[in-house]
Engineer: 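Let me give you the structure first, and then I'll get to my questions.
Protein chains get the first letters and strands the later ones, always in sequence-line order, with residue 1 at the start of each.
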Amino acid sequence: MLPDLSNSVDGAKNLLGWELVHHTPAGDIGGIIIETEAYRQDDEASHTFRGPTKRTMPMFDEAGTLYMYFIYGMHWCLNIVTGQEGHGEAVLLRALKPTHGIELMQQYRKTTDIKRLTNGPGSLVQALAIPPTYSGQKLIHTKLELIPPAKPIGEIESTKRIGIKKATDKPWRFTIEL
DNA sequence: TTCCCGATTGTA
DNA sequence: ACAATCGGGAAC
């Protein structure tokens with residue numbers, strides 16, 4: 001089961017409250033999605049703004065595909081592709097609230113501080129041990145699983161996106177309190 | 001082929 | 001507040 005991923009802005013909101021779980025040989029690791037950002041093709045801040053490249057090809061694939069990219073020479077970030085095939089758009093997962101496999105996260109993140117396990121896009125990828133080889137694959141074909149919210153989520157806050165220099169006026173960062 | 005910089009994080 | 005660190009993309 002997947003949330004509505006018909007476009008990136010709605011998808012970014014709809015993904016909040018869903019639980020992302022990675023089923024690994026060492027155990028299940030996961031958490032509830034509490035922060036996302038939307039990127040569209042007609043958006044200067046998006047990797048797809050100037051058309052497809054070898055790296056960004058997965059973003060043009062169908063909704064439910066995964067897109068991972070390497071940033072600042074050391075971090076991997078995970079996106080869930082949205083929209084029709086041929087449209088380059090996706091949702092960046094920025095933070096989770098840990099629910100499963102906290103001991104494994106502490107090991108992979110090399111910290112016991114719960115607040116710092118999955119508090120950024122690079123951190124959550126490291127905590128869940130999500131391999132870059134997932135990029136380009138369909139989420140349902142990987143060991144990742146999305147579980148619908150158990151109870152209704154609270155109010156969604158909409159703010160400016162983090163760490164970008166272009167299209168900074170777009171309020172496409174979405175967060176919830178749990 | 002070269003150069004520049006980024007959808008960040010950890011440490012001081 | 002700031003250094004660490006390197007692949008991709010655009011330009012030459």
Engineer: Please examine the side chains of A/Gln41 and A/Ser46, heavy atoms only from C-beta on, and report whether any two atoms are closer than 4.5 Å.
Structural biologist: no
Engineer: Quick one: does A/Lys13's side chain get under 4.5 Å of A/Val9's, heavy atoms only?
Structural biologist: yes
Engineer: Are side-chain heavy atoms of A/Leu146 and A/Met1 found at a separation under 4.5 Å?
Structural biologist: no
Engineer: Please give the remaining members of the hydrophobic cluster of A/Val21, linking ILVMFWY side chains under 4.5 Å, ordered by chain and number.
Structural biologist: A/Ile147
Engineer: Quick check with a 6.0 Å cut-off and a 45 degree axis cone: is A/Arg161 positioned over the face of A/Tyr39's six-membered ring?
Structural biologist: yes
Engineer: Thinking salt bridges, do A/Asp43 and A/Lys166 make one under a 4.0 Å N-O criterion?
Structural biologist: no
Engineer: If you write DNA chain B from 5' to 3' in dot-bracket form, with Watson-Crick or G-U pairs under 3.5 Å, [ ] for crossing pairs and | for pairs with another strand, what do you get?
Structural biologist: ||||||.||||.
Engineer: With A/Ala129, which residues qualify under side-chain contact (heavy atoms from CB on, under 4.5 Å), at least two apart?
Structural biologist: A/Tyr108
Engineer: Are A/Arg116 and A/Asp113 ion-paired here, with the side-chain N under 4.0 Å from a carboxylate O?
Structural biologist: yes
Engineer: Decide yes or no on ring-ring contact (aromatic ring centres under 6.0 Å, His included) for A/His141 and A/Tyr134, but give the supporting numbers first.
Structural biologist: CA-CA 9 Å; A/His141 294 161; A/Tyr134 278 10; over 10 Å; no
Engineer: Strictly below 4.0 Å, heavy-atom distances to any atom of DNA chain C: list the hits from residues 47-69 of chain A, or just say none.
Structural biologist: A/Arg50, A/Thr53, A/Arg55
Engineer: Taking side chain as C-beta onward, heavy atoms only, is A/Glu37 less than 4.5 Å from A/Ile162?
Structural biologist: yes
Engineer: Using distance only, find each side-chain donor-acceptor pair of residues 92-103 of chain A under 3.5 Å and give its atom names and separation, not counting sequence neighbours.
Structural biologist:
{"residue": "A/Arg94", "atom": "NE", "partner": "A/Glu35", "partner atom": "OE2", "Å": "2.7"}
{"residue": "A/Thr99", "atom": "OG1", "partner": "A/Glu19", "partner atom": "OE2", "Å": "2.5"}
{"residue": "A/Thr99", "atom": "OG1", "partner": "A/Gly30", "partner atom": "O", "Å": "3.2"}
{"residue": "A/His100", "atom": "ND1", "partner": "A/Glu19", "partner atom": "OE2", "Å": "3.1"}

Engineer: Using the side-chain contact (heavy atoms from CB on, under 4.5 Å) criterion, which residues pair with A/Ser6? Sequence neighbours excluded.
Structural biologist: A/Asp4
Engineer: Any non-hydrogen side-chain atom of A/Asn14 less than 4.5 Å from a side-chain atom of A/Leu5?
Structural biologist: no
Engineer: State, without any angle test, whether A/Tyr69 and A/His75 hold a side-chain donor-acceptor pair at a distance under 3.5 Å.
Structural biologist: no
Engineer: Contacts to DNA chain C from residues 116-139 of chain A, heavy-atom cutoff under 4.0 Å, which residues?
Structural biologist: none
Engineer: What's the spacing between A/His47 NE2 and A/Ile71 CD1 if we round to 0.5 Å?
Structural biologist: 5.5 Å
Engineer: Within a strict 4.5 Å, meaning less than it, do heavy atoms of the A/Leu15 and A/Pro3 side chains meet?
Structural biologist: yes
Engineer: Hydrophobic clustering (ILVMFWY, side-chain heavy atoms < 4.5 Å, transitive) - are A/Ile153 and A/Ile32 grouped together?
Structural biologist: yes
Engineer: Going by number, which of residues 162-173 of chain A have a non-hydrogen atom under 4.0 Å from DNA chain B?
Structural biologist: A/Ile162, A/Gly163, A/Ile164, A/Lys165
Engineer: Please tabulate, for the side chains in residues 79-88 of chain A, all donor-acceptor contacts under 3.5 angstrom to protein atoms that are two or more places apart in sequence or on a different chain.
Structural biologist:
{"residue": "A/Asn79", "atom": "ND2", "partner": "A/Tyr67", "partner atom": "O", "Å": "3.2"}
{"residue": "A/Thr82", "atom": "OG1", "partner": "A/Ser8", "partner atom": "N", "Å": "3.2"}
{"residue": "A/Thr82", "atom": "OG1", "partner": "A/Glu89", "partner atom": "OE2", "Å": "2.8"}

Engineer: Atom NZ of residue position A/Lys138 - does it have more than 12 heavy atoms of other residues, nucleotides or ligands inside 6.0 Å?
Structural biologist: yes
Engineer: Listed in order of residue number, which residues of residues 73-107 of chain A have a non-hydrogen atom at under 4.0 Å from DNA chain C?
Structural biologist: A/Gly73, A/Met74
Engineer: When the P atoms of B/dA7 and C/dA1 are compared, how many Å lie between them, rounded to an integer?
Structural biologist: 22 Å
Engineer: For DNA chain C, note the earliest and the latest nucleotide, 5' to 3', having some atom under 4.0 Å of a heavy atom belonging to chain A.
Structural biologist: C/dA4 to C/dA10
Engineer: What range of DNA chain B does chain A touch, first nucleotide to last, counting atoms under 4.0 Å from its heavy atoms?
Structural biologist: B/dG6 to B/dG10
